[in-house]
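Since the structure is predicted, the reported quantities are computational estimates derived from the model, not experimental observations. Per chain, numbering begins at 1; letters A, B, ... match sequence-line order.
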Number of protein chains: 2
Amino acid sequence: MTRYPADQLNEWLVTLFEENGAARNVAETTARILVEGDLLGHHTHGVKLANGYLNDLKAGHACGDPQRLVIEQSSPVAALFDGNYLLGPYLVQRALDHCREAAKGYGIGIVSLKRSHHIACLASYLAPLVEENLVPIIMTSDPAVASVAPFGGTERVYTPNPLAIGIPGREQPILIDVSMSTVTNGSVNKARAAGQKLDHPAILTAQGTVSDDPEDFFPGGSILPLGGMEFGHKGFALGLMVEALTSALSGFGRKDVPTGWGASVMVMVIDPARFGGTDAFLDETDHLARRCFNAGQIDPQQPVRLPGQSGLRRRADYLRDGIPLPEDVVADLQKAISDSSLRGSVSLG
Amino acid sequence: MTRYPADQLNEWLVTLFEENGAARNVAETTARILVEGDLLGHHTHGVKLANGYLNDLKAGHACGDPQRLVIEQSSPVAALFDGNYLLGPYLVQRALDHCREAAKGYGIGIVSLKRSHHIACLASYLAPLVEENLVPIIMTSDPAVASVAPFGGTERVYTPNPLAIGIPGREQPILIDVSMSTVTNGSVNKARAAGQKLDHPAILTAQGTVSDDPEDFFPGGSILPLGGMEFGHKGFALGLMVEALTSALSGFGRKDVPTGWGASVMVMVIDPARFGGTDAFLDETDHLARRCFNAGQIDPQQPVRLPGQSGLRRRADYLRDGIPLPEDVVADLQKAISDSSLRGSVSLG
């Protein structure tokens with residue numbers, strides 16, 4: 001499998017986004033966040049997304065002009081961003097920068113972001129803040145899409161609604177990025193494209209039975225909430241929490257019946273220095289991490305891992321040796337390149 | 001089954017807590033929150049807890065003196081409370097009051113609370129803030145207790161770590177209170193005391209197999225994270241999030257090896273008026289609620305319910321007709337009354 005240097009991928013994406021109307025800083029942030037997704041191993045939410053973003057830029061469904069962002073600051077710590085469908089990675093990074101300053105001054109900062117375009121992989125945003133010993137939190141829903149059914153129901157109402165949080169630690173920082181559903185839309189599409197079953201039953205058929213066949217999602221099935229048929233009331237509750245803190249808080253959501261690819265987002269940063277202190281926070285994370293590592297193993301071949309641990313190890317490997325992009329990602333990237341000024345000069349081999 | 005008027009239970013509890021050294025306002029808040037737990041139907045986390053609280057007051061492991069609370073305000077919106085093991089409901093209510101003022105002025109308020117005594121049922125705190133169209137969020141862990149194993153591990157490391165959030169709505173407010181594990185310590189104890197199995201397999205035996213027998217918890221088993229054997233990496237991640245935002249943020253946690261019954265808590269209040277606006281928030285909640293109610297039914301006998309919906313209905317019923325306390329709760333309350341000045345004048349019949 002060919003490996004692609006992260007720098008090279010980044011450079012190509014910047015060119016592609018700029019050619020399609022994105023300002024330099026919007027293009028750079030979006031390229032960096034997409035490549036970061038692949039570095040962490042989340043290939044469904046990395047460079048593969050560029051094609052869709054570029055198509056939406058071309059069609060006017062996504063915006064590359066940073067002047068279109070409108071910021072309503074309601075206090076030194078709270079703001080509402082109207083993203084006007086600017087590329088999501090740029091908007092989320094701006095919101096994080098905003099929250100970071102507020103957190104350093106006041107302990108916490110929060111931005112509610114409405115009418116963003118898609119925001120890619122949530123885990124991609126965490127590391128720089130965690131390295132500053134801050135706690136970033138991101139939640140998102142897409143009010144234009146429905147794929148998860150409420151617990152007990154059979155029809156799609158809301159999205160997988162991921163929540164990400166970065167937890168600083170000296171020995172092992174923890175990077176969490178989990179959806180409130182059993183699986184994501186991306187996983188279902190990936191399994192379907194590969195003609196494979198899902199690893200576990202995560203689909204509720206239109207008839208209300210459980211299935212591991214991604215095909216059952218498409219004629220009117222749905223994704224089960226986290227907790228499945230037994231404890232799905234908890235995943236449903238957490239999904240509603242994300243809906244409330246993203247769409248309802250921003251004032252723009254499903255009631256507005258948006259149709260384009262987009263996102264409602266909540267971004268928050270907390271500075272432990274303003275609470276029990278940074279050192280005590282790091283000591284507690286390290287202590288808890290060690291206890292988890294020493295908590296036995298169900299499978300002797302699979303030691304306990306902390307969220308983000310294998311992603312960060314993979315990231316170090318991929319930065320050194322290049323990223324082994326899956327075939328479907330290469331094909332999508334090739335297509336984007338073929339439609340650009342890079343065709344001829346760039347071949348993905 | 002005898003029904004007990006909420007007012008009467010409340011009055012008894014105030015007397016009991018005051019007799020055991022709690023100041024009037026501490027006794028009143030604690031009594032109100034415990035009775036509220038039973039009103040919502042959470043009998044494992046209501047009046048039943050009074051006995052334990054009283055025993056800890058007697059033994060000096062819980063404190064009833066509000067002067068012992070130390071507040072370190074680090075900004076207009078952020079504070080660290082050192083609870084000195086004051087009764088938890090009093091501390092959480094103080095933290096909520098504190099956050100409420102901050103949220104009204106700044107959009108958000110956050111209190112990190114360390115060294116609290118047990119804080120009872122998280123759902124009990126939500127309704128008054130939700131009625132003001134605010135969004136309260138509470139998370140808690142008990143750094144002195146371990147009952148849940150990390151995903152892939154077999155030994156207990158952390159607690160069920162509940163998260164509660166109140167979501168205002170005009171037609172149907174949503175009150176969420178869910179642990180990040182499949183079941184709570186209370187559910188395991190309740191099933192064991194009744195000699196029953198759990199409703200679903202939620203125990204990981206010491207040998208790493210799954211069981212629905214609460215007896216398997218006690219010789220060295222653990223509670224499975226939300227998501228179980230298939231998707232438990234998500235529940236584990238969410239459990240770590242709660243650990244970080246409670247113990248690590250407060251600076252006091254498992255690294256400090258506390259032994260008494262206690263809690264690390266994060267309390268937050270958000271005011272939608274400072275973001276997309278209260279009306280838009282309520283409209284979105286109502287819209288989403290209606291979509292959930294109209295999303296079909298897996299079981300024709302069980303319509304989709306929103307979190308808190310049956311609790312609020314039960315509450316109205318119990319306020320009107322009295323609370324049908326389970327036998328074990330009556331027995332525990334009887335015991336507390338027998339040890340007090342109320343003996344002789346009060347009989348639970």
Legend entry - Gap between atom CD of A:Q302 and atom CZ of B:F151 - 0.5 Å precision: 8.5 Å

Legend entry - Point-to-point distance, once rounded to the nearest 0.5 Å, from CD1 of A:I167 to CE of B:M241: 8.5 Å

Legend entry - Best-contacting candidate, B:A237, B:G235, B:P76, against chain A by heavy atom pairs under 4.5 angstrom: B:A237

Inset, instruction - Taking the side chain as every heavy atom from C-beta outward, state whether A:L245 and B:I165 have any atom pair closer than 4.5 Å. - result: yes

Inset, instruction - Search all heavy atoms of A:F236 against all heavy atoms of B:R305 and return the closest pair with its distance. - result: CE2-O, 3.5 Å

Legend entry - Proximal component of A:D177, with respect to chain B [non-hydrogen, under 4.5 Å]: neither

Legend entry - Best-contacting candidate, A:G228, A:G169, A:S250, A:S222, against chain B by heavy atom pairs under 4.5 angstrom: A:S250

Inset, instruction - Would you mind checking which part of A:P201 comes under 4.5 Å of any heavy atom in chain B, side chain (CB onward), backbone (N, CA, C, O), both or neither? - result: both

Legend entry - A:I176 versus chain B, the contacting section by heavy-atom distance below 4.5 Å: side chain

Inset, instruction - Examine distances only and state if a side-chain atom of B:K234 and a backbone atom of A:T182 form a donor-acceptor pair shorter than 3.5 Å. - result: yes

Inset, instruction - For chain A, find which of B:L238, B:D199, B:V111 contributes the most heavy-atom pairs closer than 4.5 angstrom. - result: B:L238

Legend entry - Interchain contact, A:S179 with chain B, by part (heavy-atom threshold 4.5 Å): both

Legend entry - Which portion of B:A149 sits near chain A, non-hydrogen atoms under 4.5 angstrom: neither

Legend entry - Greater than 12 external heavy atoms within 6.0 Å of B:R156's CZ: yes

Inset, instruction - Evaluate whether atom OH of A:Y106 has more than 12 neighbouring non-hydrogen atoms of other residues, nucleotides or ligands under 6.0 angstrom away. - result: no

Inset, instruction - With a 4.5 Å cut-off on heavy-atom pairs, point out which of B:A248, B:G232, B:G296, B:P303 contacts chain A the most. - result: B:A248

Legend entry - Between A:D82, A:L288, A:T285, the one whose heavy-atom pairs under 4.5 Å with chain B are most numerous: A:L288

Legend entry - Contacting moiety of B:P168, where chain A heavy atoms sit under 4.5 Å: neither

Inset, instruction - Please flag which part of A:I110 lies under 4.5 Å from any non-hydrogen atom of chain B: side chain, backbone, both or neither. - result: both

Legend entry - A:F293, part contacting chain B, at a heavy-atom distance under 4.5 Å: neither

Legend entry - A:I174 and B:E243, any side-chain heavy atoms less than 4.5 Å apart: no

Inset, instruction - Please report the closest heavy-atom contact between B:V157 and A:A295, naming both atoms and the distance. - result: CG2-CB, 3.7 Å

Inset, instruction - Examine whether an atom of A:R290 lies under 4.5 Å from a heavy atom of chain B, and if so say whether it belongs to the side chain, the backbone or both; otherwise answer neither. - result: neither

Inset, instruction - Heavy atoms only, distances under 4.5 angstrom: which of A:G251, A:G105, A:S75 has the most pairs with chain B? Name it, please. - result: A:S75

Legend entry - Option that, when pairs with chain A are counted at under 4.5 Å, heavy atom only, ranks first among B:A244, B:G107, B:P272, B:S247: B:A244

Legend entry - CG-SG distance between B:L240 and A:C292, expressed to the nearest 0.5 angstrom: 5.5 Å

Inset, instruction - Determine the option with the most heavy-atom pairs under 4.5 angstrom with chain A, choosing from B:H287, B:K255, B:R291. - result: B:K255

Legend entry - Heavy-atom side-chain contact between B:Q297 and A:T154 under 4.5 Å: no

Legend entry - Structural part of B:I270 lying under 4.5 Å from a heavy atom of chain A: side chain

Legend entry - Atom pair CD/CZ of B:Q73 and A:R274 - distance to nearest 0.5 Å: 11.0 Å

Legend entry - Reported CD1-to-CD1 distance for the pair B:I108 and A:I108, which is rounded to 0.5 angstrom: 4.0 Å

Inset, instruction - Please say whether more than 12 non-hydrogen atoms of neighbouring residues, nucleotides or ligands are located less than 6.0 Å from CZ in B:F81. - result: yes

Inset, instruction - Verify, without hydrogens or angle tests, whether A:E284 (side chain) and B:F252 (backbone) share a donor-acceptor contact under 3.5 angstrom. - result: no

Legend entry - Euclidean distance, A:S74 OG relative to B:F275 CZ, rounded to 0.5 Å: 5.5 Å

Legend entry - chain A contact via B:L249 - side chain, backbone, both or neither, heavy atoms under 4.5 Å: both

Inset, instruction - Check the pair A:T209, B:I298 against side-chain contact (heavy atoms from CB on, under 4.5 Å), reporting the backbone distance first and the verdict last. - result: CA-CA 8 Å; A:T209 58; B:I298 294 177; over 6 Å; no

Inset, instruction - Tell me, for B:A273 versus chain A, whether the close heavy atoms (under 4.5 Å) come from the side chain, the backbone, both or neither. - result: neither

Legend entry - Closest-packed option against chain A by number of heavy-atom pairs under 4.5 Å, given B:G208, B:G227, B:A202, B:G253: B:G253

